[in-house]
J.: 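Below you'll find the structure I mean.
All residue numbers in this chain count up from 1 along the given sequence.
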Amino acid sequence: MVFAGFAGAESLGDAVARQNNAPAYRETVIGSAKVSGVLYNINKVTLSKKLYLPDALNPKMISPTDGRLVVIIQGKAVNEGAEKASYEIPRLVAGNGGKNEPADKLYCKRAGKTSLNPMECYPFVLCFLVSPDLLQGSGLLVSDGDWMEPQTAMIPLSFTNSTTVEESVTLPDVTDNMFDVEDVPNAVEPSAASKVQEAKKQAEADAARKQAEKEAAELRTRMLEWELDSKMRQLESEARSLEAELNRLERECD
């Protein structure tokens with residue numbers, strides 16, 4: 001006899017088997033670029049006419065009235081280098097080459113500090129307001145933030161005429177106030193371990209090469225100094241011999 005509601009019910013063993021056979025979670029990455037050891041991964045890009053932030057300090061709606069669209073980019077920055085590094089807010093480069101600053105600085109409600117040790121990551125969410133005709137051919141410009149000679153890279157954004165535009169997007173767990181963020185330790189990205197080890201080995205090799213070059217330069221300098229000193233002694237000896245010869249000739253003339 002089968003009781004109503006129990007036909008085809010899953011057993012505990014079935015649940016365990018389903019869990020064991022479930023495919024491993026793999027984070028979707030639709031674009032990436034690395035600058036100065038920091039890898040910027042884009043996980044999701046959304047176009048919308050409106051963006052609602054329910055968990056902002058004061059819940060707000062970002063809704064341009066001039067025909068521009070809201071470009072929402074979610075991703076993560078991972079320090080794959082051997083040294084401490086910082087996350088820098090990327091900028092959007094429109095199809096006409098113009099650089100757009102984020103329309104509003106957004107912060108994940110739970111996020112660590114933007115200063116990243118090796119293997120640490122920082123989640124980010126960006127909001128840009130861009131004219132629709134400037135989206136094709138656009139990209140996200142990432143930089144290491146150096147004010148003298150910044151290293152930069154571009155992540156292409158694959159917008160086409162068929163890209164969907166949402167009427168409205170709600171983004172929970174995001175705020176526009178940095179003081180409304182629960183400061184948690186930066187998450188560690190295990191997949192970055194091999195890259196960090198490679199970076200450390202490369203840094204050690206570069207340091208050894210620079211030390212060898214420094215020692216070789218110092219040796220060349222000492223050799224030049226020795227040669228110059230030897231030449232000076234030789235000239236002084238020749239000068240004394242010449243002076244003695246002049247004195248002898250003066251005595252003969254007298």
J.: Look only at the side chain of D104 and the backbone of L106, and say whether a donor-acceptor pair between them is shorter than 3.5 Å.
T.: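 No, D104 side chain to L106 backbone: no donor-acceptor pair under 3.5 Å.
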
J.: Run K99 and R91 through side chain to side chain contact (heavy atoms under 4.5 Å, CB included) and show every step you take.
T.: CA-CA 7 Å; K99 296 178 182 178; R91 301 170 69 180; 3.4 Å; yes

J.: A quick test of your reading: do over 12 heavy atoms of other residues, nucleotides or ligands sit less than 6.0 Å from CD of E198?
T.: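 Enclosed: over 12 neighbouring heavy atoms sit under 6.0 Å from CD of E198.
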
J.: Would you call K210 and E213 a salt bridge, using N to O less than 4.0 angstrom?
T.: no

J.: Of K113, K109, R110, which is the lone residue that meets salt bridge (Lys or Arg N to Asp or Glu O under 4.0 Å) with D183?
T.: K113

J.: Would you say the side-chain atoms of S237 pair up with the backbone N or O of Q234, donor to acceptor, closer than 3.5 Å?
T.: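 Side chain of S237 to backbone of Q234, a donor-acceptor pair under 3.5 Å: no, none is there.
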
J.: Ring pair (Phe, Tyr, Trp, His ring centres under 6.0 Å): which pairs involve residues 115-160, sequence neighbours left out?
T.: Y87-Y122, Y87-F124

J.: Below 4.0 angstrom, N of the basic side chain to O of the carboxylate: do D176 and K105 qualify?
T.: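 Salt bridge absent between D176 and K105.
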
J.: Can you confirm whether Y40 sits close enough to V35 that some side-chain heavy atom of one is under 4.5 Å from a side-chain heavy atom of the other?
T.: yes

J.: Please check: side-chain N/O of E120 versus main-chain N/O of N117, any donor-acceptor pairing under 3.5 Å?
T.: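 The answer is yes, because a donor-acceptor pair under 3.5 Å joins these two groups.
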
J.: Just do the side chain to side chain contact (heavy atoms under 4.5 Å, CB included) check on V38 and V78 with the steps written out, would you?
T.: CA-CA 5 Å; V38 177; V78 182; over 6 Å; no

J.: I want to check something: taking the side chain as every heavy atom from C-beta on, are V70 and V169 in contact at a cut-off of under 4.5 Å?
T.: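 They are not in contact (no side-chain heavy atoms under 4.5 Å apart), so the answer is no.
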
J.: Are side-chain heavy atoms of S63 and K49 found at a separation under 4.5 Å?
T.: no

J.: Could you work out, with side chain to side chain donor-acceptor pair (under 3.5 Å) as the rule, every residue matching E204, not counting sequence neighbours?
T.: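 If we apply the side chain to side chain donor-acceptor pair (under 3.5 Å) test to E204, skipping adjacent residues, there are no hits.
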
J.: Begin with the C-alpha distance, continue with both residues' side-chain angles, and end with the deciding distance and a verdict on side chain to side chain contact (heavy atoms under 4.5 Å, CB included) for I30 and V45.
T.: CA-CA 9 Å; I30 59 176; V45 178; 3.7 Å; yes

J.: To the nearest 0.5 Å, what is the distance between CG (L126) and CG (L92)?
T.: 9.0 Å

J.: CD/E80 to OG/S194 distance, rounded to the nearest 0.5 angstrom?
T.: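 Interatomic distance, E80 CD to S194 OG, rounded to 0.5 Å: 7.5 Å.
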
J.: Test your reading of the model: is there a side-chain donor-acceptor pair from N41 to the backbone of V29, 3.5 Å cut-off?
T.: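 It does not hold such a pair.
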
J.: Ion pair present between K50 and E167, side-chain N to carboxylate O less than 4.0 angstrom?
T.: no

J.: Output the distance between atom NZ (K195) and atom NZ (K34), rounded to the nearest 0.5 Å.
T.: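 If we round to the nearest 0.5 Å, K195:NZ and K34:NZ are 5.5 Å apart.
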
J.: Return yes if some donor-acceptor pair links the side-chain N/O of S230 with the main-chain N/O of W226 below 3.5 Å, else return no.
T.: no

J.: Quick check: is V130 connected to I72 through a chain of hydrophobic side chains (ILVMFWY, heavy atoms under 4.5 Å apart)?
T.: no

